[in-house]
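Below, each value reflects all heavy atoms present in this structure, side chains not excepted, and no hydrogens, waters or symmetry copies.
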Protein chains: 2
Amino acid sequence: MALLDTVVMRGLTVQGVLSPEDRALLLGLELNPRHISANEELWQERADADMFCVVKEGWAYSYRNLRNGSKQILKFYLPGDIIGMRDFGFTRRLSSAAMINQGVIYPFSYQQLFELFGRSSLAVGIMATAMRQQALLSERLIYLGQYAAHERLAHFLYEIYLRLKRIEAVEDNSFLMPLTQQLISDALGMSPVHVSRTFSMLREEGLVIRDRQHVKLPDPEALARLVEFNDSYIDELLPLTFAELLRASP
Amino acid sequence: MALLDTVVMRGLTVQGVLSPEDRALLLGLELNPRHISANEELWQERADADMFCVVKEGWAYSYRNLRNGSKQILKFYLPGDIIGMRDFGFTRRLSSAAMINQGVIYPFSYQQLFELFGRSSLAVGIMATAMRQQALLSERLIYLGQYAAHERLAHFLYEIYLRLKRIEAVEDNSFLMPLTQQLISDALGMSPVHVSRTFSMLREEGLVIRDRQHVKLPDPEALARLVEFNDSYIDELLPLTFAELLRASP
DNA sequence: CGAGGAGTTGAAGAATTTCAACAAAGGTGG
DNA sequence: CCACCTTTGTTGAAATTCTTCAACTCCTCG
């Protein structure tokens, strides 16, 4: 309850516009938590797409297996994120999804989403959430396309840092990152070996300290400067004008 | 009129569900066409975001200028595409946008979108359109991350080919592509020099014939096989189940 | 204690960038 | 209509980044 009430709700809320009725509808989604074990698949590419998942605990990721045996990770999902939005609009899954560590998710069906869409304020919130997710994707496209390995990794770590901070999972600039270097290499499009070297490089520059899953960014601002980080897209709040527009429209 | 009536409408329509009223609302957007000259900017990064644009004629693109002087192109917009969806959910533009050649666009405001959101079937259609756009982005992320230069270029050309075919701008496997190699290099994250070499390579293999803006793909299927193209994401029609779900929901 | 997964390091090779020079095409103004 | 200038594309050679292959270490878990 606490999760949807905070993280997801915060994402969907247009300030002061969400009615108690809307809230109830949203919390009604939280009916059947499912416990998922580490490495368990949520679905495979091409499976029928008929629902979303909200992550309550644990990390997950979506990916695509390629013919040459490599795989490309599209996105890592942290607690509070919604998995499967991308497939909305298609009959089948465009990418596979799996848990990284053990966790809990809330599945909800497209049917439930349609009910939400009946109420315009929620529709706008959901739309905005989707667009924010797309913005994250664009950002990754940019640094995959234009940056060298150490910048890509730095950007990646800083993005994770910001997203974890939003859900209060960062303490003293440290956080837990349950990813292997293999997973990171699949996400950033570089070889696992080079990920290792690049971590060493960042460590020598005093930008990243890492011991297995424990990551510390001694100077996040320095990291942000290094990667020309554009943090507007991670902003959680919808613009004020949205509320005004909603009130103005029938 | 013809454009929104066909291309955009087709994207938003949930089969048999769009009411005459919805249609009228949608066509009402088409009030003020704007003529834009080649290379003219639609907006810059960080400008106030308050509207979308539907492209009627010409090509456009969105991009981000980077500190090191390079730029990353996020997407090329063809006639019928909607520019600026990504910024919905933010106060300011996340990326700049500009026309490539001379063209015509239809601007419409967020305000107008909110009115559309009042009607659930349109909301779903718009959402689905947004998700399809995101799927395209994911696809590019994949090939930027995992593929070699010649595969990236091949994939890119095949994607453009499919998108142009959808709007009936392909004849005898040939189409017009008003892009310089510089633009392509910014989109694919490679150097302009290497784009040139890679075009030569594809030409020698008989996969691509190009004379300035005229591009011909003698054997599109061979190209598709080469790049492991996943064409489900370009599919225009919404799944049938959507219509059923909509009817079922109040 | 042994085995396997994860991470590190070195060296060779491949892919791609950069720099530089040149060629071809297009637009502009005389 | 031509000459000129700018933009676009091509080619070569050197430099750089990154990958691959392989060996080795460390840690964890059974």
Interatomic distance where CD belongs to A:Gln146 and C1' belongs to C:dT16 [whole Å]: 14 Å
Respond yes when some side-chain nitrogen or oxygen of B:Gln181 is under 4.0 Å from OP1 or OP2 of D:dT7, and no when none is. no
Kindly indicate whether a cation-pi arrangement holds for A:Arg210 with A:Phe199, taking the cut-offs as under 6.0 Å to the six-membered ring centre and within 45° of the axis. yes
Starting at CD of A:Gln182 and ending at P of C:dG4, how long is that distance when rounded to a whole Å? 18 Å
So does A:Arg93 pair up with A:Asp48, basic N to acidic O under 4.0 Å? no
Distance below 4.0 Å between A:Arg212 side-chain N/O and C:dG5 OP1 or OP2: no
With the side chain of A:Arg197 defined as its heavy atoms from C-beta on, choose the nearest nucleotide among D:dT8, C:dT16, D:dT19. D:dT19
B:Ser196 side-chain N/O to D:dG9 phosphate OP1/OP2 under 4.0 Å: no
May I have the distance from B:Ile184 (atom CD1) to D:dT10 (atom P), rounded to whole angstrom? 10 Å
Between C:dT9 atom P and A:His194 atom NE2, what is the distance in whole Å? 14 Å
Do we see a donor-acceptor contact under 3.5 Å between the side chains of A:Ser62 and A:Arg86? yes
From the set C:dT17, C:dG7, C:dT9, return the single nucleotide nearest to any side-chain atom of A:Val193. C:dT9
Minimum-distance pair of heavy atoms, taken over all atoms of B:Asp81 and B:Phe76: OD2-O, 4.1 Å
Whole angstrom is fine here: how far is it from OH in A:Tyr147 over to P in D:dC18? 14 Å
A:Phe199 CZ to C:dG7 C1', in whole Å, measures 11 Å
Measure the distance from CG on B:Leu153 to P on D:dG9 and round it to the nearest whole Å. 12 Å
Can you see whether A:Glu171 engages A:Ser174 through a side-chain donor-acceptor pair at a distance of less than 3.5 angstrom? no
In whole angstroms, the gap separating P of C:dT18 from CE of B:Met190 amounts to 12 Å
It should be established whether A:Ser200 places a side-chain nitrogen or oxygen under 4.0 Å from OP1 or OP2 of nucleotide C:dT9. yes
Need one value for A:Thr180: base, sugar-phosphate or nothing, where a base atom within 4.0 Å counts as base even if backbone is also close, heavy atoms only. sugar-phosphate
